[in-house]
Amino acid sequence: MIDAIVETVKTGARFVSTEWVWINHGMPFREVMDINHLYYRVCSKCEYFENQGCLICRCRLVPNERSPLNKLSMATTNCPLPEPKWISAITPPDDITPEVAAKALKNSKANLVETVEPEEMIETTQEQTLMTVDEIKKKRTGADGANPFVRTRTGQYVQGDE
Ligand code: SF4
């Protein structure tokens with residue numbers, strides 16, 4: 001019960017942090033075509049996508065909606081993976097390589113999709129540090145119910161202790 005409360009508080013804190021960064025940058029939205037591109041071409045094909053949400057950051061991900069309740073629509077948000085599949089042009093993570101940033105940025109824009117071959121789309125390669133969806137679900141329903149990912153100061157998520 002206590003663990004569930006702690007996890008709820010943590011999720012709330014992450015939400016407030018995401019919203020705060022967005023507000024601090026003037027509340028910019030992505031174009032709807034970019035939101036839909038991220039939804040249909042990237043997130044909905046991701047192994048960490050479930051029920052219109054991200055299993056890692058637990059944010060809501062939906063198409064055709066510009067609102068503070070849709071992570072894909074806020075132009076300051078990034079995919080939470082250590083090697084993000086998509087990033088913000090305004091507030092990209094500062095702990096990724098220029099090569100990863102360039103690919104992730106290409107994945108983020110609908111009008112650039114023609115320049116990205118499917119095999120160039122970033123796939124998760126850090127199998128040794130990322131958990132499978134089944135493992136995440138098992139952990140969530142386990143005794144501790146804890147989120148296996150920890151949010152770093154730069155907004156990325158890593159497994160285990162920061
Ligand atoms: S890990 Fe990234 S690409 Fe996958 S669902 Fe979450 S936000 Fe989308």
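As the structure lists them, so they are numbered: ligands from 1, and atoms in each ligand from 1. In this text the structure is predicted, and so the values were computed from the model without any measurement.
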Only heavy atoms of [X], strictly under 4.0 Å: list the atoms of ligand 1 that pass.
| X | value |
| --- | --- |
| L81 | 1 (S) |
| K85 | 3 (S) |
| P80 | 2 (Fe), 7 (S) |

Any chance you could measure E83, atom CD, to K103, atom NZ, to the nearest 0.5 Å?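 These two atoms lie 9.0 Å from each other.
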
Distance in Å, N64 CG paired with S73 OG, rounded so as to fall on 0.5 Å steps: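 Interatomic distance, N64 CG to S73 OG, rounded to 0.5 Å: 11.5 Å.
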
Indicate yes or no: does R60 engage E65 in a salt bridge with an N to O separation below 4.0 Å.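 Answer for the salt bridge query: yes.
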
What closest approach, in Å, do C57 and K71 show between heavy atoms, and which atom pair accounts for it?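 The pair with the smallest heavy-atom distance is SG-NZ, 3.3 Å.
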
W86 vs Y39, ring pair (Phe, Tyr, Trp, His ring centres under 6.0 Å): CA-CA, chis, key distance, verdict: CA-CA 11 Å; W86 54 272; Y39 181 83; over 10 Å; no

So, C54 and atom 6 (Fe) of ligand 1: N/O/S under 2.8 Å, yes or no?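 True for C54.
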
Counting backbone and side-chain atoms alike, is an N, O or S atom of C43 positioned under 2.8 Å from atom 2 (Fe) of ligand 1?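 No.
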
Out of C79, S44, C46, indicate the one that has the non-hydrogen atom closest to atom 2 (Fe) of ligand 1.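 Nearest option to atom 2 (Fe) of ligand 1, by heavy atoms: C79.
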
